[in-house]
Amino acid sequence: MKNPDPTFPSCPTPISRYDRIVMGHGGGGRLTHNLIDDIFIPAFNNSILRQLTDSAVLQVGEQRLAFTTDSYVVHPLFFPGGDIGSLAVNGTVNDLAMSGARPLYLSAGCILEEGLPLEDLKKIVDSMQRAAAAAKVQLVTGDTKVVDRGRGDGIYINTAGIGVIEHDLKIAPSQIQPGDAILLNGDIGRHGVAVMASRAGLSFETTIESDCAPLADLVLKLIDAGVEIHCLRDLTRGGLATALIELAASAQLGMELQEAAIPVREDVSGACEIMGFDPLYVANEGRLVCILPDAAVDQALKIMRAHPQGQGAALIGRVSAVENLRVILKNRIGTRRILDLLSGEQLPRIC
Amino acid sequence: MCLAVPGKIVSIDDQDSVMRMGKVSFGGIIKNVNLAYVAEAGVGDWVIVHAGFALNKLDESEALQVFEYLQQIGDLEPE
Amino acid sequence: MKYVEEYRDPEAVHKISEEIHRITRGSWNVMEVCGGQTHAIMKYGIEELLPKSITMLHGPGCPVCVTPVELIDKAIAIAAQPGVIFCSFGDMLRVPGTQRDLLAVKASGGDVRMVYSPLDALNIARECPYLQVVFFAIGFETTAPANAMAVYQARQYGIDNFSVLVSQVLIPPAIELLLNAPQTQISAFLAPGHVCSIIGYEAFESIAAQYHTPIVVTGFEPVDILSGILHCIQQLESGRAVVENQYSRAVQRQGNPAALKMMNEVYIVSDRKWRGIGFIPRSGLTLSDKYAAYDAERCFGAVSYSDEVATVCISGTILQGIKKPRDCPAFGNTCTPENPLGATMVSSEGACAAYYAYAAHM
C-alpha cells in the first residue's frame, strides 16, 4: 500500500466460495442448507423430499409410514453419556418419532476402519442393541464394509428406520399456527459440550454427560393422551436455534422465545463461555421442541414432566401472530435479538 | 475482541514460576490455566482467563463498586 | 459473587439506562473499540436502551478483522506446505486471504489445527519433533502475553521446531489515529477492558487530555457497557475529558507488570499494517532479535501475495466509525458472512457480521 492516508483505506476483497467440501458443510448451518438446496434437491426433486422433515411420511395402501435415514460420525467414538452406537439408534428413532410414528424397524450399515479393535466394535454393537431394546425397535437388516486404515474414524454407522403412524394427526411444519406454544423437553447443549470436552485439543474436565436418549415413547405418550401436537422437531447439530429457524422458515411464521425460560445447566454455560459458543446453537441428542395450541400446554407439560425424557420440560416461547418469519429471542434484560442461521460450525474464538 | 472469562482457582501446581499452572473452574467446567502472570492469586481467588492464561486477579471489593454506584443513583432519584 | 450473572441483572441494566436517558442533553457518538464489546452490544440489544441522540460507533477492535490479507496469504502458504502443522485460534480459520481460507487449506490436505491456547501449539511441537509447528500469533495486548510465553518457553526448553507468525497489534496508537482523522466524529471512547487488564490505562491519559475526549475503561457485560456509556455521557455533558475505570475489578492503572515484562522480553514495538486502515506507526509488536529464530516469516522466507483491490466495500470507514454497516450498498446483499467482501464481515466480531447476525433485519 503506497497511500497511508487513513481516511481512504483499502478494502479487501477476499474470495470465500468453497470449491471443496469444508467441515462447515456438515455443521447444519447455512453451508449445509446451501448444499441441500444447490445439489441434492435439484437432483431428486419430489414433493416428499421438498418438505425436508426429519422423516418422510409415506402413504402405503391404507397405512401411513414414516421413513428416515441418518449417518453417524462422531469423534471420539465413546463419550460421557453415550457412544456412536447408542447415538445411531436413538438419532434415527427420534427422527421417526418427530412425525408421530411408532418406530418399528432399523437397518444398520457399518463402515469399519482397518485396525478398529474388535473389543470396541463389540462395545458399540452391544450399546446399539441396548438402545434398540430400550426404544422397542428391532434391527432387522445390515451391512458392513471395511476401509483402509486412515480412511475412516474407526467406525461410521448409517441407520435407516421405518415406523407406523397410528393416529390421524398431521404433525408437520405446515400445521404450525400463529399463537401456538413452543415447548422444550429439557436443558440444552449437553451433548455438544460432552463430546467437545472429550475431544483432544480443547480438553477440559467435566462431569457433563450427553443427553442422548430415545424420544419416541415421550411423543407417543403425548399422542395417546390426545394432545393436539402441531409440529415436532428433535434438536441435533445446530441446536435449538437452528431447529426453530428452520421450522419458522417452513411454516412461514415468526417465533418469539424467552431466553430466561430456556434451561441451560451452569456447567454447560461455563463451557460455552470459555469457547465463545452460544448454547442455543450447541448440539443435543435427546431434546425436542413440541409446537401445539395454547390450550394443550398444561396437559402436555404435565405428561412431559412425568416422563424420564421430559423432566425439565418448559414453555419457552410462542409462534408470532404476525407474519415476520424471524425467530426473535427476548433477552433477560428485555431487549430483543434475532436468531439467524450460523454460517458453518461454531469455532472456539479468542475474540 | 478478547474473549476472557472469569473463573475460580481450585488448585495450583507450583513447580516453577514460568509454568505456574492451576485448575480453574468455570461454573463446574475445569480447565488447566497458566497462572504465571497472577503470582498473587491463590486457591479460591477469581481470575479472568483468556487463551489459557489468567490475565488478572479479580478484585471483589472493586467488583461491588458498580452496584454501590447504582445504589447512589437510586438514592438521588426522586421517588 | 460469580462475576457474570450479576452484570446481566435486568434491574441494574434498566436503572443505568434510565440514568443515561435522564442526563443526556446533547448528541453524542461513543465508540467501543473492542469487537467483544460490539458483540455484546448486538447480542444484548444495548442500543435499544439508549436515547436516540447517542450513537454507538463500532471500532477496529478485532484482531481477526485487522490482520492484513497478505499475512493471511502467508499463513495459507505456510500451512499448505508438507511437514508443517499450522495451529490457529478458531476464529482465524475462516478469514479469507486473496484466494482461500485456512479451512480450505485443511480441506485440501494441509494439517491445520485449531487450538485454544498458544501453549497447546507448543505442546504439539513437543510431541511432533520431526514436524514444523507454526502458530498464528494474532491478537491485541490481551493475547500478547500468552503468545509471548509460548515463544519464551520454546527458547527456554529448546523446542526448535516451533515458530510463530506474528500479527500483534496495539490499541493506543489506533485510538490516536482515529482521533487524528479529519472526519472523526467520535465524542468518547469505551476502552477495551481486557487490553487494559494487561497495559493499564496510563497510555490513554495523555490521549484523553490532548484530544479532549473522554475514555472509559469498560468491561464486557451489559451492566459494564451501560455503565461505561453512562460515565462517557456524564463527562461529555459536563465538558470533562479524562480516563475513568469502569472495569476496576479486573483493571489497575499500571496494568499487569508481570505480563508486560514478558511482552518486553519477547517483543519489540514495530509499525504494523491494519486491514482496512493501512499502516499505523508503532502500532504493533514483532519478535525481538533474541527470539528471531522463532519468527515463522524468517523460517519460511518470502511468500508471494497479491495486494488488495478496492471494491464497493466500505469496511475501512466502518472500522473508523465514520460509517455504519447499513450505509454500505453491499451489506446483506452481495456481502454476507458466507461471502464476505470486507474485514468487518469476515470475523464474527466484526461490526458488519455482528449487525448481520443480531440486528440486520429488525
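Values reported hereafter were calculated over all heavy atoms of this structure, with side chains retained and with hydrogens, waters and symmetry mates removed. Proteins get letters first, then strands, A, B, ... in listed order; numbering begins at 1 in each.
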- Task: Report the distance from atom OH of Tyr116(C) to atom CE of Met275(A), rounding to the nearest 0.5 Å.
- Result: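 These two atoms lie 6.5 Å from each other.
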- Rounded distance (nearest 0.5 Å) linking atom NE2 of His25(A) with atom CG of Leu103(C): 10.5 Å
- Message: Check this for me: does any side-chain nitrogen of one of Glu266(A) and Lys2(C) sit under 4.0 Å from a carboxylate oxygen of the other?
- Response: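 Counted as a salt bridge, because a side-chain N and a carboxylate O are separated by less than 4.0 Å.
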- Item | Ionic contact status for Arg8(C) with Glu273(A), cut-off 4.0 Å | yes
- If you tally heavy-atom pairs under 4.5 Å between each of Asn331(A), Thr335(A), Ile274(A) and chain C, the highest tally belongs to Thr335(A)
- Could you have a look at Lys106(C), Met92(C), Glu11(C), His14(C) and say which one has the most heavy-atom pairs with chain A under 4.5 angstrom?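 Answer, by heavy-atom pair count under 4.5 Å with chain A: His14(C).
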- Message: Give me the atom names and distance for the closest heavy-atom approach of Pro222(C) to Ile333(A).
- Response: CB-CD1, 4.2 Å
- Message: Would Arg337(A) and Lys43(C) count as a side-chain contact (heavy atoms from CB on, under 4.5 Å) here? Give the steps.
- Response: CA-CA 6 Å; Arg337(A) 160 191 162 200; Lys43(C) 183 172 172 185; 3.7 Å; yes
- Query: Is the CZ atom of Arg50(A) crowded by more than 12 outside heavy atoms at less than 6.0 Å?
  - Reply: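 Count over threshold, so yes.
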